[in-house]
Protein chains: 2
Amino acid sequence: MKKSNSKQPLDSAYVCGHEDPDAVRELLTKVGDKWSIFLILTLAKLPDMRARFSELERAIPGVSQRMLTLTLRTLERDGLLTREMFPEVPLRVEYELTPLGRSLLRPMQGLVDWVTENWKLVKQARTAFGDAR
Amino acid sequence: MKKSNSKQPLDSAYVCGHEDPDAVRELLTKVGDKWSIFLILTLAKLPDMRARFSELERAIPGVSQRMLTLTLRTLERDGLLTREMFPEVPLRVEYELTPLGRSLLRPMQGLVDWVTENWKLVKQARTAFGDAR
DNA sequence: CGGCATCCGTTCCGATACTG
DNA sequence: CAGTATCGGAACGGATGCCG
């Protein structure tokens with residue numbers, strides 16, 4: 001049972017009336033993460049939405065091995081992708097988007113599209129803000 | 001002129017073929033930010049998409065005064081909202097979403113909706129992952 | 001090849017105190 | 001009321017080395 005706050009004039013505190021703001025907040029931060037977005041979108045562009053570690057590493061410019069590993073672990077833990085290991089030589093590990101991960105594609109792409117369409121406007125706004133200051 | 005990398009097997013490196021991956025990356029991190037999302041969505045729910053500082057502070061549970069100020073400054077700088085000060089006593093400052101900020105509403109809401117619909121599945125996946133480990 | 005462990009500088013962010 | 005300034009802990013994240 002949560003404590004209710006009767007003083008709040010704005011109910012948007014709970015993000016469109018959601019019951020567990022902390023959970024939503026935590027998950028939003030996670031799916032809004034820079035590397036998570038790049039990783040998921042990179043996998044999404046492949047025919048089978050599947051790739052091995054080294055492919056992802058080369059496909060995502062600027063990602064360190066450490067961050068790639070950590071991000072992959074988190075997404076696997078959250079059920080957004082699967083990890084499959086083939087004990088060959090050399091070792092091969094493949095990652096693939098789950099249905100849950102694929103369901104995230106549409107909203108995530110929406111955000112990326114907005115950025116793609118509007119980042120120049122944002123740049124202009126920054127310049128204007130700097131000039132006015 | 002950017003250097004071309006002919007060895008890359010995956011072109012998704014540039015986020016759906018975008019020209020400036022760094023800019024997109026930076027902006028994605030920003031609009032994917034926890035407090036930015038809460039702030040924009042909180043404003044969006046108001047009739048005039050406008051509120052004063054203290055309203056926002058009370059409406060967004062867990063936000064510190066410092067983070068609210070910083071987030072507001074960033075969003076103002078990026079042209080997503082405006083700041084208007086009324087030199088009364090007591091002082092009053094109002095923030096309002098710009099057209100650019102409003103255009104971000106739809107994609108952002110899409111992400112929030114996904115989280116709202118699927119966070120329980122994610123929680124289950126985490127439990128299963130912990131058990132299997 | 002695909003990791004994990006460690007170190008270590010940087011950034012983030014909450015708490016606190018103070019101001020117009 | 002709406003900030004700014006400062007401090008210190010926590011988290012982030014790159015570099016490096018080692019291993020199955």
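Because the structure is predicted, anything quoted here is derived from the model rather than measured. Side-chain atoms are counted along with the backbone in the values below, which use heavy atoms only and exclude waters and symmetry mates.
- Distance from the side chain of A/Phe53 is smallest for C/dG3 among the nucleotides C/dG3, C/dC1, D/dT4.
- Two residues are said to be in side-chain contact when any heavy atoms from C-beta on lie closer than 4.5 Å; A/Val31 and B/Trp114 meet this criterion.
- For DNA chain D, the residues of residues 72-89 of chain B within the heavy-atom distance limit of 4.0 Å (strictly under) are B/Arg73, B/Arg83, sorted by number.
- Because its NZ or CZ atom is not both nearer than 6.0 Å to the ring centre of A/Phe129 and within 45° of the ring axis, B/Arg77 does not count as a cation-pi partner of that residue.
- In this structure, A/Lys34 does not pair ionically with B/Glu26, as no charged nitrogen and carboxylate oxygen lie closer than 4.0 Å.
- Whole-Å rounding puts the A/Glu94 CD to C/dC1 C1' distance at 13 Å.
- The distance between atom CD of A/Glu57 and atom C1' of D/dG13, rounded to the nearest whole Å, is 15 Å.
- Out of D/dG3, D/dG13, D/dC1, the shortest distance to the side chain of A/Met67 is found at D/dG13.
- Computed from coordinates, the A/Lys34 NZ to D/dC12 P distance equals 12 Å when rounded to whole Å.
- Stacking of B/Arg52 on the aromatic ring of B/Tyr95 is not recorded, the 6.0 Å distance cut-off and the 45° axial limit not both being met.
- Counting atom types as modelled, A/Gln65 pairs a side-chain N or O with a base atom of C/dG3 as donor and acceptor under 3.5 Å.
- Judged purely by atom type and a 3.5 angstrom limit, A/Asn118 has no side-chain atom pairing as donor or acceptor with the backbone of A/Leu121.
- Summary of the strand contacts: A/Leu91 and A/Leu70 both lie near DNA chain C, and taking for each the nucleotide with the nearest heavy atom, the more 5' one is attributed to A/Leu91.
- Comparing atom distances between the B/Arg66 side chain and each of C/dG2, C/dC1, C/dA15 picks out C/dA15 as nearest.
- Using a 4.0 Å cut-off, no side-chain N or O of B/Ser64 falls inside it from OP1 or OP2 of C/dA15.
- Regarding A/Asp33, its CG atom lies at a distance of 16 Å from the P atom of D/dA11, rounded to whole Å.
- One finds no salt bridge joining B/Glu55 and B/Lys45 here, because no Lys/Arg side-chain nitrogen approaches an Asp/Glu carboxylate oxygen to under 4.0 Å.
- Regarding B/Trp35, its CH2 atom lies at a distance of 13 Å from the C1' atom of C/dC12, rounded to whole Å.
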For this session: Start with the C-alpha gap between A/Glu84 and A/Glu96, add the side-chain angles, then the distance that decides, and say whether side-chain contact (heavy atoms from CB on, under 4.5 Å) holds.
Result: CA-CA 8 Å; A/Glu84 196 172 359; A/Glu96 181 177 351; 5.6 Å; no

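- In this entry the distance linking CG of A/Leu68 with P of D/dC12 reads 17 Å, nearest Å.
- Residues B/Trp119 and B/Gln124 form no side-chain contact, since every pair of their non-hydrogen atoms from C-beta on lies 4.5 Å or further apart.
- Each end of the helix from C/dC1-D/dG20 to C/dG20-D/dC1 gets its own axis, taken as the rotation carrying the C1' atoms of four end pairs onto the next four within a five-pair window, and the two axes meet at 50° to the nearest 10 degrees.
- In this structure, B/Leu39 atom CG and D/dA2 atom P are separated by 14 Å, rounded to whole Å.
- With rounding to whole Å, A/Arg52 atom CZ is found 9 Å from C/dG2 atom C1'.
- With B/Arg92 contributing its side chain and B/Met85 its backbone, the two residues share no donor-acceptor pair below 3.5 Å.
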